[in-house]
S.K.: 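This is the structure I want to talk about, given as structure tokens.
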Amino acid sequence: MSDKPLYVTEPALPPFEQFEPLLRELWASHRLTNGGPYHDQLEAALAAYLAVPRVSLLANGTLALMLALKALEVEGEVITTPYSFVATTHALMWSNCTPVFADIDPLSLNLDPAAVEAAITPRTRAILAVHVYGRPCDTAGLQAVAERHGLRLIYDAAHAFGVRLDTDSLMAAGDAAILSFHATKVFHTFEGGAIVCRDEALKARIDLLRNFGFKGETRVLATGINAKMNELQAAFGCLSLGSIDGEIAARARITARYDAAFAHLPGLRLLAPLPGVTRHNHGYYPLFVEPGFALSRDALYDRLREQNIIARRYFYPLISDFDMYRAAPGADHLPVARRMADTVLCLPLYGALGDDEVSRVIDAVSAAARP
Ligand SMILES: *Cc1c(COP(=O)(O)O)cnc(C)c1O
């Protein structure tokens, strides 16, 4: 175990010298939170970069999910995916909603619109879909289901920062999309998040809710919460947005090396790009260890760990397999999601991963493939 550990991700950090002048400005201004120049600058810069009409910055992605549900007045059953990070479903519980699980499509790995439609009851109020690994949902299919049944459609786009489609920005789909800027995401502000939406009144409502419901100095119009992003994080975001294209390009090159090395290994299924995506963000490198591989998924995971390569099983277990969700509607019949959760392994992928380190991962997986 002498080799340096390779984690599944490492947060990108611009050179410290570049952050220093921004810190000096903050110290001079004493404007630390409750909006401020960096906050407003980052909201505008993200709207431009993501090609979306409106962005509301928030303290993290989980609060973004909760505020989107609150601002859209969603309470009742919400159909969602079991194949995601647990925050997706937790946010529903914190918002007085009942999660109903529907199965995913084996190609996109996202909610299957037909399964969603089959799970609708008279109590259904919304669909909460996830663009897992930044792979777009069938947004047209989900939109059609939502319209047919009068449902809200919210996207957890925590993985989808900067993904571009030939038609429209992926972030613009649905009533609202939420982003996470957690340190493990492609674009991060240490912690942070945002809601993207089209409707001006909806943004106004979100902006009210993120600051305790205050309208001006003396009026409180709603039971808001503290979900604000501070100036330190916003300043960091303004700086690091400048290097995001380089980060994504570096990840694309590593992805191409992995793809070329693993394409011919028996029993490994790689993910093909989905049609319509003109730019992926390469947030993750999942591969699926199928029965034809020399080792089981967990044996491969252990083998890599022995060599200090810390791959992660995103997303295993399924959210619907955690104790508090086992009895939720739909949790007992999710065959596609289960197959994916049982075979997935995400390999290290981040811009600063060196050529030799990529070779280390490739050699380790290739060696494991030989029985
Ligand atoms: C990271 C993540 C979240 C939570 O975001 P935080 O900023 O960590 O609160 C929600 N959903 C998905 C799919 C995520 O990956």
Side-chain angles (χ1 to χ4, degrees), residues 7-12 42 46 55-70 78-95 97 99 101-102 104 108-111 126-137 142 153-163 170-171 173-174 176-196 206 210 225-230 232-234 236-237 240 251 280-286 312-320 322 325 337 340-341 344 346 349-350:
Y7 296 102
V8 75
T9 194
E10 180 183 283
L42 184 58
L46 286 174
V55 174
S56 292
L57 289 179
L58 298 167
N60 60 62
T62 306
L63 280 163
L65 283 166
M66 290 165 61
L67 256 61
L69 291 161
K70 178 103 174 164
V78 177
I79 300 172
T80 191
T81 172
Y83 194 75
S84 179
F85 181 60
V86 72
T88 309
T89 312
H90 278 354
L92 293 172
M93 300 300 283
W94 279 92
S95 308
C97 294
F101 293 107
I104 59 173
S108 74
L109 310 178
N110 296 318
L111 276 178
I127 302 167
L128 175 55
V130 178
H131 303 296
V132 81
Y133 311 133
R135 294 166 70 76
C137 290
L142 290 173
L153 178 54
I154 300 171
Y155 285 102
D156 179 340
H159 296 183
F161 185 90
V163 173
L170 180 56
M171 263 47 348
I178 77 96
L179 292 165
S180 164
F181 306 144
H182 182 256
T184 55
K185 308 300 203 265
V186 171
F187 172 78
H188 77 93
T189 56
F190 290 44
E191 295 265 8
I195 300 177
V196 169
I206 292 160
R210 71 181 169 186
I225 197 166
N226 182 358
K228 304 185 297 294
M229 177 184 281
N230 67 51
L232 192 64
Q233 291 167 284
F236 181 83
S240 63
R251 287 165 177 257
H280 194 36
N281 67 9
H282 303 286
Y284 302 85
Y285 192 88
R312 294 294 300 269
R313 290 163 288 190
Y314 296 143
F315 288 98
Y316 167 86
L318 292 177
I319 298 175
S320 49
F322 292 122
Y325 296 125
M340 298 305 155
V344 72
C346 287
L349 178 59
Y350 47 91

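We count ligands from 1, going down the list as the structure has it; atoms in each ligand are counted the same way.
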S.K.: Centroid separation under 6.0 Å, is that true for the rings of Y133 and H280?
M.R.: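 Centroid separation for H280 and Y133: 6.0 Å or greater.
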S.K.: Apply ring pair (Phe, Tyr, Trp, His ring centres under 6.0 Å) to F85 and list each qualifying residue two or more places apart in sequence or on a separate chain.
M.R.: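 Partners of F85 under the ring pair (Phe, Tyr, Trp, His ring centres under 6.0 Å) test: none.
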S.K.: Please list, chain by chain and in numerical order, all residues satisfying side-chain hydrogen bond (donor to acceptor under 3.5 Å, both in side chains) with H282, sequence neighbours excluded.
M.R.: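 Counting only residues at least two positions away or on another chain, H282 forms a side-chain hydrogen bond (donor to acceptor under 3.5 Å, both in side chains) with T255.
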S.K.: Show me a pair-per-line table, with atom names and distances to 0.1 Å, of protein N or O atoms that are under 3.5 Å from an N or O of ligand 1.
M.R.:
unit_1   : atom_1 : unit_2 : atom_2 : d
ligand 1 : 5 (O)  : S180   : OG     : 3.2
ligand 1 : 7 (O)  : G61    : N      : 2.8
ligand 1 : 7 (O)  : S180   : OG     : 2.7
ligand 1 : 9 (O)  : G61    : N      : 3.3
ligand 1 : 9 (O)  : T62    : N      : 2.9
ligand 1 : 9 (O)  : T62    : OG1    : 2.6
ligand 1 : 11 (N) : D156   : OD1    : 3.4
ligand 1 : 11 (N) : D156   : OD2    : 2.7
ligand 1 : 15 (O) : H159   : NE2    : 2.8
ligand 1 : 15 (O) : K185   : NZ     : 3.1

S.K.: Would a distance-only check, ignoring hydrogens and angles, find a side-chain to backbone donor-acceptor pair under 3.5 Å from H131 to H159?
M.R.: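 Judged by distance alone, no pair lies under 3.5 Å.
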S.K.: For H182, what residues pass the side-chain hydrogen bond (donor to acceptor under 3.5 Å, both in side chains) criterion, not counting sequence neighbours?
M.R.: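 T184.
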S.K.: Examine the side chains of K228 and N230 and answer whether a donor and an acceptor come within less than 3.5 Å of each other.
M.R.: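 No, because no side-chain N or O of K228 sits under 3.5 Å from a partner of the opposite role on N230.
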